A.B. asks: 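Sending over a structure as structure tokens; questions will come in a sec.
Every heavy atom of this structure was used, including side-chain atoms; hydrogens, water molecules and symmetry mates were not. This is a predicted model, so every value here is computed, not measured. Lettering follows sequence order; numbering is per chain, from 1.
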Protein chains: 2
Amino acid sequence: MTEQATERKVAEAQTAALELAKLDDEARSDALHAIADAIVDEEARILEANETDVTEGEKLLEAGEYSQALVDRLKLSPSKLDDIAEMVRSVAEQDDPLGRTLSARRLDDGLELYKVGVPIGVIGTVFESRPDALVQIAALSLKSGNAVILKGGSEASHSNRVLYEIIREATSDMPDGWAQLIEAREDVNTMLDMDDSIDLLMPRGSSEFVSYIQDNTKIPVLGHTEGVCHVFVDRDADLDMAEDVAFDAKVQYPAVCNAVETLLVHESVAADFLPEMVERYEDAGVTLRGDAAARGVVDIDPATDEDWSTEYGDLELSIKVIGSLDAAIDHVNTYGSKHTESILTEDADRASTFMRSIDAASVFHNASTRFADGYRYGLGAEVGISTGKIHARGPVGLEGLTTYKYYLEGSGQQVATYSGENAKPYLHEEFEGDWIPGHLAEE
Amino acid sequence: MTEQATERKVAEAQTAALELAKLDDEARSDALHAIADAIVDEEARILEANETDVTEGEKLLEAGEYSQALVDRLKLSPSKLDDIAEMVRSVAEQDDPLGRTLSARRLDDGLELYKVGVPIGVIGTVFESRPDALVQIAALSLKSGNAVILKGGSEASHSNRVLYEIIREATSDMPDGWAQLIEAREDVNTMLDMDDSIDLLMPRGSSEFVSYIQDNTKIPVLGHTEGVCHVFVDRDADLDMAEDVAFDAKVQYPAVCNAVETLLVHESVAADFLPEMVERYEDAGVTLRGDAAARGVVDIDPATDEDWSTEYGDLELSIKVIGSLDAAIDHVNTYGSKHTESILTEDADRASTFMRSIDAASVFHNASTRFADGYRYGLGAEVGISTGKIHARGPVGLEGLTTYKYYLEGSGQQVATYSGENAKPYLHEEFEGDWIPGHLAEE
């Protein structure tokens with residue numbers, strides 16, 4: 001697509017965003033239900049397009065260019081479409097993330113300040129080759145009143161195009177242009193330069209890709225490049241529990257960002273804990289590497305310094321024996337990627353120290369790192385997971401797609417009255433009450 | 001200073017930030033009271049250093065390189081120091097912005113997710129030549145548990161150095177290195193590259209300078225480059241009120257970002273409103289420029305297209321006659337800088353439409369744009385005003401200097417239990433309750 005065409009799409013989204021901000025929750029939720037219905041009604045059309053993607057994917061799989069996992073993720077089925085429709089309905093049924101009065105303060109009699117939740121505006125998204133990702137991101141954007149630019153993986157291009165068309169058709173009552181599909185990698189570059197029109201970028205994908213986005217735009221970016229997560233088995237851990245949780249954190253789904261990459265074990269339990277743990281990992285096909293102290297207890301390959309900062313994303317794990325709680329905190333704050341960290345201990349004080357001291361979006365006590373996810377957190381769904389600390393942190397759901405606006409209702413006040421000699425003092429009283437536009441003028 | 005020295009300061013701040021995050025409100029507030037006391041006790045030392053800055057400033061004033069306003073802003077006095085100490089005490093007395101449980105959700109029995117307010121970490125600040133700015137920014141950072149890098153204007157360098165020393169001496173109980181002073185412009189450039197160590201930048205200063213920062217760093221930036229603010233006198237405005245408010249918005253302090261730059265007047269009241277308004281502005285020395293329709297009513301110079309996007313920052317104002325509410329909204333969304341916009345009208349519906357439709361941090365009804373300020377908003381003080389939409393918007397006080405962290409308290413849960421065939425369902429029940437670290441382990 002030409003640069004001009006992409007710029008036009010973004011401009012359309014920007015116009016639509018201003019209109020979207022004025023719609024009420026019912027209108028946005030009705031549109032989401034229409035999307036869910038259309039996905040079910042248009043099953044044949046979607047599956048036909050998906051078949052094209054899957055066939056092409058299988059050819060590339062035979063040629064050794066794609067993995068089986070990628071082809072599996074591409075594939076839609078009637079039951080998967082039902083699940084997707086159900087997900088859209090569940091987003092529709094979430095509480096309205098907009099319009100809430102976050103605070104109300106009386107600056108003076110007849111001068112009231114309200115802080116009210118509003119949409120961000122135009123969100124640019126780039127996501128992996130799962131056709132359900134397009135629907136999920138579009139649904140979250142619409143529910144939160146944002147216009148959205150959608151760029152999916154090229155492997156799913158036929159599925160994405162049809163899903164996008166169906167979404168646009170089903171939402172013809174919404175401001176025209178609220179969702180925009182872009183398809184080429186160079187269109188992403190066009191988007192990166194549009195910091196006047198795009199308010200937020202949410203890229204998902206490889207570490208290199210997300211870094212590339214962060215390095216090449218002035219638009220704020222929410223996302224994560226790496227998930228180097230740790231589980232720390234403390235000296236006071238329940239070792240049976242620790243074995244189950246540490247196993248789950250690695251083996252249940254090793255390819256994802258919230259899987260554990262380094263297991264830290266307190267030296268006073270290493271000899272008790274590691275032999276059985278290692279056997280269980282090895283039975284599950286996990287490749288293990290350890291520091292000298294770990295290898296004093298179990299027979300595994302040596303870890304190098306590089307291992308401590310590696311996200312394997314696979315059935316691989318590094319193990320380090322740690323002399324103290326402080327050393328564990330220090331290791332995690334040095335090598336972790338601020339994503340998700342877990343301590344396993346029966347000592348509440350030690351749990352508290354670890355949790356308060358670790359600088360990460362999510363810090364767990366006696367639970368698997370794999371729980372760090374928008375759906376599991378009860379956010380409905382997620383547009384991504386942020387390891388930054390600004391705006392939204394951890395799994396980002398509807399709330400992370402909103403910002404706020406200050407509304408001040410006055411009755412002709414001038415700052416001069418509250419300044420200089422004989423300045424009238426401010427009241428600054430917090431009060432309970434929603435913003436009723438113009439209510440002071442009508443009284 | 002060498003690049004290495006700046007990097008060392010930032011590294012010290014980063015270490016201190018992890019320690020600061022563990023302190024309770026009492027410790028941070030006590031330290032603030034110690035700062036306030038020290039500012040009063042060390043009056044002579046501060047005034048002596050300030051005298052050096054003022055003397056140098058006056059020389060440059062004579063040479064025509066500085067303005068009188070700049071020299072006035074530099075100057076400290078015993079009563080001004082008392083005010084500064086009082087400001088620090090008022091920051092100390094604000095509610096603790098940290099540790100609040102923002103939400104609590106039971107994912108399952110014995111698996112509780114808490115979202116808790118925490119500091120951001122290391123804040124890099126650059127601010128103008130007002131010695132009170134250094135104290136205000138340091139106080140807000142400490143109260144919110146953040147380490148801070150302080151870079152003030154070179155014109156105030158002697159005052160800043162002494163104030164910084166006094167702050168460090170008074171806070172010897174705080175984690176060493178929590179505040180760092182840098183003094184050279186090239187040290188700012190070193191800071192811009194340290195996106196691994198600095199979590200947020202808050203620059204204040206000229207539009208060009210803030211743009212330069214935004215263009216040359218990967219660190220998130222909160223701030224504003226421009227304040228092109230509007231007052232719209234609607235067809236249903238109380239014209240006496242409108243005259244007072246529009247006068248205040250321009251004349252009360254024209255040099256600041258929340259002063260009005262363009263007055264929009266509905267065509268149906270232009271003939272009634274403009275003659276008196278223009279006379280009052282001209283009596284106050286305001287230079288006026290208008291569009292053709294305005295000049296049909298009053299005798300002022302013609303405005304060019306450039307005027308609509310100009311921040312005069314002075315006793316200058318452009319005037320445009322507008323045919324409809326929609327046209328006013330369109331003009332503001334096109335030329336405004338998303339800072340502060342005001343509608344003057346007695347019609348609540350029209351106020352509501354304007355306020356909801358304008359994309360700006362602050363939108364006012366029947367009040368002067370000059371109210372957009374952290375102190376007036378009751379935020380205690382402000383570190384800056386943000387025209388971005390991510391994280392914090394409008395005047396940024398203590399809350400804008402915080403983020404959150406997810407704490408998950410479990411009892412050995414694995415994700416495998418809640419996945420696949422026979423998956424256990426999540427409860428996802430919201431509940432009232434603060435995070436008590438490790439309480440499930442102790443039960």
A.B. asks: Using non-hydrogen atoms only, which part of A:Glu399 is less than 4.5 Å away from chain B: side chain, backbone, both, or neither?
C.D. replies: side chain
A.B. asks: Could you look at B:Ala392 and say if it's the side chain, the backbone, both or neither that has a heavy atom under 4.5 Å from chain A?
C.D. replies: both
A.B. asks: How long is the span from the OG1 atom in B:Thr402 to the NZ atom in A:Lys389, to the nearest 0.5 Å?
C.D. replies: 12.0 Å
A.B. asks: Measure distances from B:Lys22 to the heavy atoms of chain A and classify the residue's part below 4.5 Å as side chain, backbone, both or neither.
C.D. replies: side chain
A.B. asks: Checking A:Ile436 against chain B: side chain, backbone, both or neither under 4.5 Å from a heavy atom?
C.D. replies: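 Interface part for A:Ile436: neither.
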A.B. asks: Using ring-ring contact (aromatic ring centres under 6.0 Å, His included) as the criterion, point out the one residue from A:Tyr407, A:Tyr406, A:Tyr426 that pairs with B:Tyr377.
C.D. replies: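 With B:Tyr377 as partner, A:Tyr407, A:Tyr406, A:Tyr426 yield a single ring-ring contact (aromatic ring centres under 6.0 Å, His included), made by A:Tyr406.
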A.B. asks: Nearest 0.5 Å, please: how far is CD in A:Glu430 from CG in B:Asp95?
C.D. replies: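 Answer for the CG-CD pair, B:Asp95 versus A:Glu430, is 8.0 Å.
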A.B. asks: Heavy-atom distances under 4.5 Å only: say whether B:Gln413 touches chain A with side chain, backbone, both or neither.
C.D. replies: both
A.B. asks: Please identify, among B:Ser419, B:Ala21, B:Ser411, the residue contributing the most non-hydrogen atom pairs under 4.5 Å to chain A.
C.D. replies: B:Ser411
A.B. asks: Quick check for you: among B:Trp435, B:Tyr418, B:Tyr253, which has the greatest number of heavy-atom pairs under 4.5 Å with chain A?
C.D. replies: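 Counting heavy-atom pairs under 4.5 Å, the top option is B:Trp435.
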A.B. asks: So which part of A:Thr345 gets closer than 4.5 Å to some heavy atom of chain B, the side chain, the backbone, both or neither?
C.D. replies: backbone
A.B. asks: Side chain from CB out, backbone as N, CA, C, O: work out which of these in B:Ile390 comes under 4.5 Å of a heavy atom of chain A, or both, or neither.
C.D. replies: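 For B:Ile390, the contact with chain A is made by backbone and side chain together.
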A.B. asks: Could you pull out the closest heavy-atom pair between B:Ser352 and A:Pro437, with the gap in Å?
C.D. replies: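 Shortest heavy-atom separation between B:Ser352 and A:Pro437 comes out as CB-CB, 3.3 Å.
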A.B. asks: Checking heavy atoms, do the side chain of A:Ile120, its backbone, both or neither come under 4.5 Å from chain B?
C.D. replies: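 Contact with chain B involves both backbone and side-chain atoms of A:Ile120.
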A.B. asks: With only heavy atoms counted, which part of B:Ala416 is less than 4.5 Å from chain A, the side chain, the backbone, both or neither?
C.D. replies: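 Both parts, heavy atoms under 4.5 Å.
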A.B. asks: Need one label for B:Asp215: side chain, backbone, both or neither, based on atoms under 4.5 Å from any heavy atom in chain A.
C.D. replies: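 Its backbone and side chain both get close to chain A.
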A.B. asks: Go through B:Phe247, B:Phe364, B:Phe371 and name the one with the most non-hydrogen pairs under 4.5 angstrom from chain A.
C.D. replies: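 Of the options given, most contacts go to B:Phe371.
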A.B. asks: Can you tell which of B:Met355, B:Arg356, B:Met241 has the highest number of heavy-atom pairs within less than 4.5 Å of chain A?
C.D. replies: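 Heavy-atom pair counts peak at B:Met355.
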A.B. asks: In Å and rounded to the nearest 0.5 Å, what is the OG1 to CG distance from B:Thr417 to A:Asp248?
C.D. replies: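 Going from the OG1 atom of B:Thr417 to the CG atom of A:Asp248 covers 7.0 Å.
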A.B. asks: Side chain, backbone, both or neither: which part of A:Gln252 has a heavy atom under 4.5 Å from chain B?
C.D. replies: side chain
A.B. asks: Which distance, rounded to the nearest 0.5 Å, do you find between the OG of A:Ser211 and the NZ of B:Lys218?
C.D. replies: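 Reported value, rounded in 0.5 Å steps: 6.5 Å.
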A.B. asks: Restricting to side chain to side chain contact (heavy atoms under 4.5 Å, CB included), what partner residues turn up for A:Gln14, sequence neighbours left out?
C.D. replies: A:Val122, A:Ser197
A.B. asks: If you count heavy-atom pairs within less than 4.5 Å of chain A, which of B:Ala367, B:Gly121, B:Ala242 leads?
C.D. replies: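 Greatest number of close heavy-atom pairs with chain A: B:Ala367.
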A.B. asks: Quick one: of B:Asp373, B:Leu344, B:Ile358, B:Ile329, who has the most non-hydrogen atom pairs under 4.5 Å with chain A?
C.D. replies: B:Ile358
A.B. asks: Side chain, backbone, both or neither: which part of A:Ile219 has a heavy atom under 4.5 Å from chain B?
C.D. replies: neither
A.B. asks: For B:Arg350, is it the side chain, the backbone, both, or neither that has a heavy atom closer than 4.5 Å to a heavy atom of chain A?
C.D. replies: neither
A.B. asks: Closest heavy-atom contact between B:His428 and A:Tyr375?
C.D. replies: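 Reported closest heavy-atom pair: CE1-O, 3.0 Å.
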A.B. asks: Given that the side chain runs from C-beta out, which part of B:Leu20 has a heavy atom under 4.5 Å from chain A: side chain, backbone, both or neither?
C.D. replies: neither
A.B. asks: Can you tell me which portion of B:Val118 sits under 4.5 Å from chain A's heavy atoms? Options are side chain, backbone, both or neither.
C.D. replies: side chain
A.B. asks: With only heavy atoms counted, which part of B:Tyr404 is less than 4.5 Å from chain A, the side chain, the backbone, both or neither?
C.D. replies: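 Contact with chain A: backbone and side chain both.
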A.B. asks: By a 4.5 Å heavy-atom criterion (distance strictly below it), what part of B:Arg105 contacts chain A: side chain, backbone, both, or neither?
C.D. replies: side chain
